[in-house]
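See below for the structure under consideration.
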There are 2 protein chains.
Amino acid sequence: MKEIRSRANNLDFERPLVTVDVVIFSVLDDALKVLLVRRPDDAQEPFPGRWALPGGFVNVEKDRSLEDCAARKLKEKTGVSAPYLEQLGSWGDAVRDPRGWSATHAYFALIHVPTDHEKAGRRGSADSQWVQVDEVNRKRLAFDHPQILAAAIARLRAKVEYTSLPAFLLAETFTLPQLQHTYEVVLGRAVDKSAFRKRMLDAGFLEEAGMAQGPFGRVAMGYRIRNRDQAATFPRTFKAVE
Amino acid sequence: MKEIRSRANNLDFERPLVTVDVVIFSVLDDALKVLLVRRPDDAQEPFPGRWALPGGFVNVEKDRSLEDCAARKLKEKTGVSAPYLEQLGSWGDAVRDPRGWSATHAYFALIHVPTDHEKAGRRGSADSQWVQVDEVNRKRLAFDHPQILAAAIARLRAKVEYTSLPAFLLAETFTLPQLQHTYEVVLGRAVDKSAFRKRMLDAGFLEEAGMAQGPFGRVAMGYRIRNRDQAATFPRTFKAVE
DNA sequence: ATAATAGTGTCTCTCAGACACTATTAA
DNA sequence: TTAATAGTGTCTGAGAGACACTATTAT
């Protein structure tokens with residue numbers, strides 16, 4: 001392994017490799033899914049051909065900041081440019097990457113994938129695929145990505161109990177029944193309609209956005225997130241523990 | 001800016017500087033304080049003589065992981081070896097360090113400083129000092145440490161509302177009135193004794209540890225944290241929002 | 001009309017907070 | 001005894017959940 005040396009300041013020690021990885025969640029076909037990419041088959045690369053989280057090295061010329069870097073990777077893989085993006089954590093040690101001491105900054109994104117959006121891989125392609133979160137263990141992910149992904153899923157499941165995060169998994173405008181359905185998909189259980197509506201409306205993070213007509217039944221009020229930079233938090237969890 | 005490309009593995013690009021910083025909290029003299037260190041006066045160094053969070057470069061020979069590195073820095077500055085240590089986040093961009101593109105992994109520690117513990121700086125020394133969190137703005141901190149510290153304080157204040165974190169600011173065994181006092185110091189407001197006791201005991205994260213006699217009054221039950229690796233979370237916040 | 005979906009009203013039960021009360025210690 | 005602190009009992013009010021009800025649409 002080679003070191004980058006310099007003169008003046010005492011900066012001549014070996015620097016770790018620095019990467020960014022993004023855990024991208026979306027709800028597709030009534031299931032919570034995560035986007036995985038296939039690593040190159042090149043035998044020079046670590047974990048050739050294995051599935052992994054989208055990510056890569058920080059480019060000190062192109063990336064102004066870590067968050068920029070994460071947003072860039074997300075844009076490259078999905079085309080989405082205004083997602084919910086939050087930092088998940090960092091993982092760094094001597095052995096996680098065979099190429100040397102490395103540290104990755106993991107981000108956590110919630111996006112909406114339009115139904116008719118085939119090319120960016122609604123179904124998937126040879127080198128990228130949406131995988132249901134409870135089936136992701138069947139893939140043998142590269143690096144320490146199983147841990148990172150597990151942390152992301154745990155964080156999402158925890159925050160869904162007391163924040164408005166699932167709203168970011170929907171299109172820009174959505175109805176309360178759609179939002180409730182998204183909550184139920186992520187929580188893995190049904191919630192009471194009346195309590196749900198009270199909670200969402202009282203939290204004040206929604207603004208009305210005209211009526212929305214579905215294929216059947218009564219028209220519903222459409223809503224939009226008032227401030228997409230920040231999720232709302234509720235004073236209680238969804239179902240008090242017994 | 002240089003970019004050296006090569007054949008085999010494409011690892012010949014400039015790597016960011018990688019550091020770890022630790023925000024160390026403790027309650028001293030009935031106030032929430034944070035430990036700051038003074039940067040060397042050497043004019044070659046960035047921000048000479050300014051106050052900063054304890055931290056430094058990751059040493060790929062000495063540190064097995066980022067968390068190891070944080071624990072090492074904490075041990076060096078305070079002597080404490082079994083603290084509550086959690087990751088706060090990472091900050092990385094082209095300009096935060098004048099020496100070049102750098103990324104820091106910030107950690108968040110809660111420790112107890114014994115009253116008679118003078119040397120590691122209960123009062124402070126020439127190059128390290130415990131500063132009350134609401135007076136920290138008066139110091140002109142180095143780097144982007146004002147943001148990092150603000151994030152740490154926000155995180156602590158938020159989590160105190162629904163977790164057992166303040167228990168880690170006390171000695172190994174403590175009484176419920178002591179714990180309540182710690183909560184009140186961190187929250188900055190009084191809480192009801194009866195509700196507080198119910199909440200703590202029902203959460204089940206404490207175990208009895210014999211009676212503890214104070215200077216006056218009735219003896220109190222001493223408690224210990226059942227599992228120091230993890231904080232308990234309560235299903236509601238302390239005071240529901242109006 | 002019916003089926004399907006959206007949205008509301010009401011009751012109940014839990015539980016946190018308020019606060020007054022009792023208990024135990026030292027002096 | 002008093003002062004000081006530890007710990008408990010009881011009431012109440014807010015609010016989440018349960019669930020039945022009404023409202024609006026397409027066919």
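Scope of the values below: all heavy atoms of this structure, side chains included, with no hydrogens, waters or symmetry mates. Since the model is a prediction, treat every value here as computed from it, not as a measurement. Throughout, a chain's letter reflects where its sequence line sits, starting with A, and its residues are numbered from 1.
Judged as a ring-ring contact (aromatic ring centres under 6.0 Å, His included), and not counting sequence neighbours, A:Phe174 has no contacts. Remark: A:Phe143 pairs with A:Phe47, A:His145 by the ring-ring contact (aromatic ring centres under 6.0 Å, His included) rule, at least two apart or across chains.
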With B for base contact, S for sugar-phosphate-only contact and - for none (protein heavy atoms under 4.0 Å), nucleotides 20-27 of chain D reads ---BBBS-
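Salt bridge present: A:Glu86 and A:Arg155 bring a charged side-chain N and a carboxylate O closer than 4.0 Å.
When the P atom of C:dG7 is taken as reference, atom CD of A:Gln178 falls 10 Å away, rounded to whole Å. Residue A:Gln180 contributes atom CD, which lies 9 Å from atom P of C:dA6 at whole-angstrom precision. We find that NE2 of A:His181 is positioned 19 Å from C1' of C:dG7, with the value rounded to whole Å. Between the OH atom of B:Tyr223 and the P atom of D:dA6 there is a distance of 12 Å, given to the nearest Å. Between B:Asp192 atom CG and C:dA16 atom P the separation is 12 Å, expressed in whole Å. Atom CE of A:Met200 and atom C1' of C:dA6 are 17 Å apart (whole Å). A straight line from NZ of A:Lys198 to P of C:dT10 spans 12 Å, rounded to a whole angstrom. What separates CE of B:Met221 from C1' of C:dT24 is a distance of 13 Å, to the nearest Å.
Crowding of A:Arg64 atom CZ: a count of heavy atoms from other residues, nucleotides or ligands under 6.0 Å not exceeding 12. Heavy-atom contacts from other residues, nucleotides or ligands closer than 6.0 Å to CZ of A:Arg228 number more than 12.
Among the heavy atoms of the strands lying under 4.0 Å from B:Arg236 are primed sugar atoms or P, OP1, OP2 only; no base atom is included.
Nearest approach of B:Leu66 to A:Trp91, heavy atoms of both residues: CD1-C, 3.9 Å.
When each of B:Asp202 and A:Ala220 is assigned the nucleotide of DNA chain C with its nearest heavy atom, A:Ala220 is the one assigned upstream, toward the 5' end.
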